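Working notes, beginning with the structure itself.
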Amino acid sequence: MQENAMKAAWIGLGVMGYPMARHLAAKGGIPVTVYNRTSAKAAKWAAQNKGASAPTPREVVKDADFVFACVGNDDDLRQVTIGPDGAFQAMKPGAVFVDHTTASANVARELHAEAKTRGLGFVDAPVSGGQAGAENGVLTVMCGGDEEDYARAEPLIAHYSRMCRLLGPAGSGQLAKMCNQIAIAGLVQGLAEAVNFGMKAGLDMQAVTEVISKGAAGSWQMENRHKTMIAGKFDFGFAVDWMRKDLGICLEESRRNGAPLPVTALVDQFYAEVQKLGGNRWDTSSLIARFQKLGK
Ligand code: NAP
C-alpha cells in the first residue's frame, strides 16, 4: 500500500509518544488520529498537528492500517489492547499494532498470539534514545515479531528512528531492550563511582572527563551526563521510577532464563535508595546522589 493511502492511529502521548506521533504525521504525511487517557493532551496534539483525536483506544483505531502505542507498563498495555475499550476489539483485519512501550517479553508474546487469532499483526518495538531522541526523531528501535508485519511497519517507524531492526520472534524486541538496560545500569553506577571518587580526590572532574571520555572509558552516559552529575542536577531525563520498572522486568526474565544479573540487582537496590531520597522522577544519573547523602 502506498504511504499516502494509509491511515494510522496513535495511543499514548507522553514524553515519548507525543513527539514520535508528530514525526509520523509530519514526515509520513499520513493522517494520524490520536488517543490519550488525559484527553486534553490528545486535543492539543490534534490541533498542533492537523490531526484528529478519539475518546477511546477502541474508537481511535477505526479504519487504521497501523496502530502505534507508547504507554507505561504491562497493565497499561493490556488495558489499551485487550481491555473492553481496547484497540484489538475494533482493529480492521490485516492491520498491524506496533508497541513502543517498554514492557515484558511475556506480554509481547501474549498480545502477539492474541493479535494473530484476530487476524492482526503485532510487533513489540521498545525504543532507546530518551526524550531527546524522540524529539529529534532519532530513536533506536528494537523489534520482535513476524517478518511480514515488521516489513510493513518499518518504513513508518523510520520517520522517528535512525536504527530499527527485527531481532527475532515476538518478545525479542523487549528482550533486546532488557540487554540495553542491563548494560546501562552497571555503567551508570561505575560512572557515578568514578565522578565521586575524582571529586573526593580533589580533581577537576570536568577536565578529567574531557580527557578520559576520549579513551576506553568513554560512553554515551559519560558524554551526556558528566556535567550534571558533577553539578548534582537530576531534574530531567529518564526517570528512576521508569528504570526500576525496567530493571524489575530484567530481573524477572533472568529468573526465567537463568542468566545471573548480580550487578543489575545491586544497582536496582541503589535506585530504591534514590527513590527514598525523593528521586522518583530524577534522571538515572542520580545514582551519584547516594554518595552525597551517605556523606561519602
Ligand atoms: P509518560 O510521559 O509517563 O507517558 C505515558 C503515556 O501512557 C501517557 O500518554 C499516559 O496517559 C499513557 N498511559 C499510561 N497508562 C495508561 C493506561 N492505563 N491507559 C491509557 N493510557 C495510559 O511516559 P514516557 O516517558 O512517554 O514513556 C512511555 C514508555 O516508553 C514507557 O514504557 C517507558 O519506560 C518507555 N521509555 C521512556 C523513555 C524516556 O526517556 N522517557 C525512554 C525509552 C523508553 P496520560 O497522559 O493520561 O497519563
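The chain is numbered in sequence order, starting from 1. First listed ligand is number 1; within each ligand, the first listed atom is number 1. Note that the coordinates shown come from a computational prediction; the quantities given were computed from them, not determined experimentally. Because only heavy atoms are used, hydrogens play no part in the values below, and waters and symmetry mates are left out as well, while side chains stay in.
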Point to revise | V15-ligand 1 polar pair, N/O distance under 3.5 Å | key: yes
**Study point:** Selection from M16, M20, R281, R78 by shortest heavy-atom distance to atom 27 (O) of ligand 1
**Key:** M16
Review point. Taking both backbone and side-chain atoms of N36, is any N or O found less than 3.5 Å from an N or O belonging to ligand 1?
Key: yes
Practice item. Could you list which atoms of ligand 1 come closer than 4.0 Å to a heavy atom of Q79? Key: 18 (N)
Study note, to complete from the structure: among protein heavy atoms, the one nearest atom 14 (C) of ligand 1 is R37 NH2, 3.7 Å
Check your understanding: Near Q131, which atoms of ligand 1 are under 4.0 Å from a heavy atom of that residue?
Key -> 40 (O)
Point to revise | F238, any N or O under 3.5 Å of ligand 1 N or O | key: no
Review point. Remaining members of M91's ILVMFWY cluster at a side-chain heavy-atom cut-off under 4.5 Å?
Key: I11, Y35, V60, V61, V67, V71, L77, V80, I82, F88, F97, V107, L111, L120, F122
Review point. Looking only at distance, does G72 have an N or O less than 3.5 Å from an N or O of ligand 1?
Key: yes
Check your understanding: Other than L187, which residues form its hydrophobic cluster under the rule that side-chain heavy atoms must be closer than 4.5 Å?
Key -> none
**Study point:** Within-cut-off N or O pair, V127 and ligand 1, under 3.5 Å
**Key:** no
Study note, to complete from the structure: In short, H23 meets E135 closest at the heavy-atom pair NE2-O, 2.8 Å
Review point. Thinking salt bridges, do D65 and R152 make one under a 4.0 Å N-O criterion?
Key: no
Review point. Would you call E273 and K276 a salt bridge, using N to O less than 4.0 angstrom?
Key: no
Check your understanding: Nearest protein heavy atom to atom 15 (N) of ligand 1, by residue and atom, and its distance?
Key -> D76 CG, 3.1 Å
Study note, to complete from the structure: Closest to atom 45 (P) of ligand 1 among protein heavy atoms sits T38 OG1, 3.4 Å
Exercise for review: Indicate yes or no: does an N/O atom of H100 lie under 3.5 Å from an N/O atom of ligand 1?
Suggested key: no
Review point. side-chain contact (heavy atoms from CB on, under 4.5 Å) with L261: which of L251, L247, V267?
Key: L251
Review point. If you measure from atom 31 (C) of ligand 1 to every heavy atom of T101, V71, D85, which option wins on shortest distance?
Key: V71
Review point. Which ligand 1 atoms, with their elements, are less than 4.0 angstrom from a heavy-atom of L13?
Key: 9 (O)
Review point. With atoms numbered from 1 as shown, which atoms in ligand 1 lie under 4.0 angstrom from a non-hydrogen atom of V80?
Key: 19 (N), 20 (C)
Review point. Closest non-hydrogen protein atom to atom 23 (O) of ligand 1, residue and atom name please, with distance?
Key: W242 CZ2, 3.4 Å
Practice item. Please indicate whether any nitrogen or oxygen in G14 is less than 3.5 Å from any nitrogen or oxygen in ligand 1. Key: yes
Check your understanding: Charged N to carboxylate O below 4.0 Å: is that the case for R78 and E114?
Key -> no
**Study point:** K41 neighbourhood, listing ligand 1 atoms whose heavy-atom distance to it stays under 4.0 Å
**Key:** 46 (O)
Check your understanding: Would the number of heavy atoms belonging to other residues, nucleotides or ligands and lying under 6.0 Å from CD of E252 be above 12?
Key -> no
Exercise for review: Please work out whether the ring planes of F68 and Y160 are parallel, tilted or perpendicular, with thresholds of 30° and 60°.
Suggested key: perpendicular
Practice item. Following the transitive rule for hydrophobic clusters with a side-chain heavy-atom cut-off under 4.5 Å over Ile, Leu, Val, Met, Phe, Trp and Tyr, establish whether I249 and F270 coincide in one cluster. Key: no
Practice item. Mind checking the CD-CZ spacing from Q79 to R37? Nearest 0.5 Å is all I need. Key: 7.5 Å
Exercise for review: Could you tell me whether some N/O pair between K245 and ligand 1 is separated by less than 3.5 angstrom?
Suggested key: yes
Check your understanding: Does the N or O separation between K177 and ligand 1 drop below 3.5 Å for any pair?
Key -> no
Check your understanding: Would you call C70 a ligand 1 contact, heavy-atom distance under 4.0 Å?
Key -> yes
Practice item. State whether D268 and R244 are salt-bridged, where the test is any N-O pair (Lys NZ or Arg NE/NH1/NH2 against Asp/Glu carboxylate O) under 4.0 Å. Key: yes
Exercise for review: Given salt bridge (charged side-chain N to carboxylate O under 4.0 Å, His left out), test D235 with R281 step by step and report yes or no.
Suggested key: CA-CA 7 Å; D235 197 12; R281 299 298 298 181; over 6 Å; no
Practice item. Go through ligand 1 atom by atom and flag the ones less than 4.0 Å from a non-hydrogen atom of G12. Key: 9 (O)
**Study point:** Ion pair D124/K177, N-O distance below 4.0 Å
**Key:** no
Review point. Going by the order shown, which atoms of ligand 1 are within less than 4.0 Å of some heavy atom of T102?
Key: 32 (O), 34 (O), 35 (C), 44 (C)
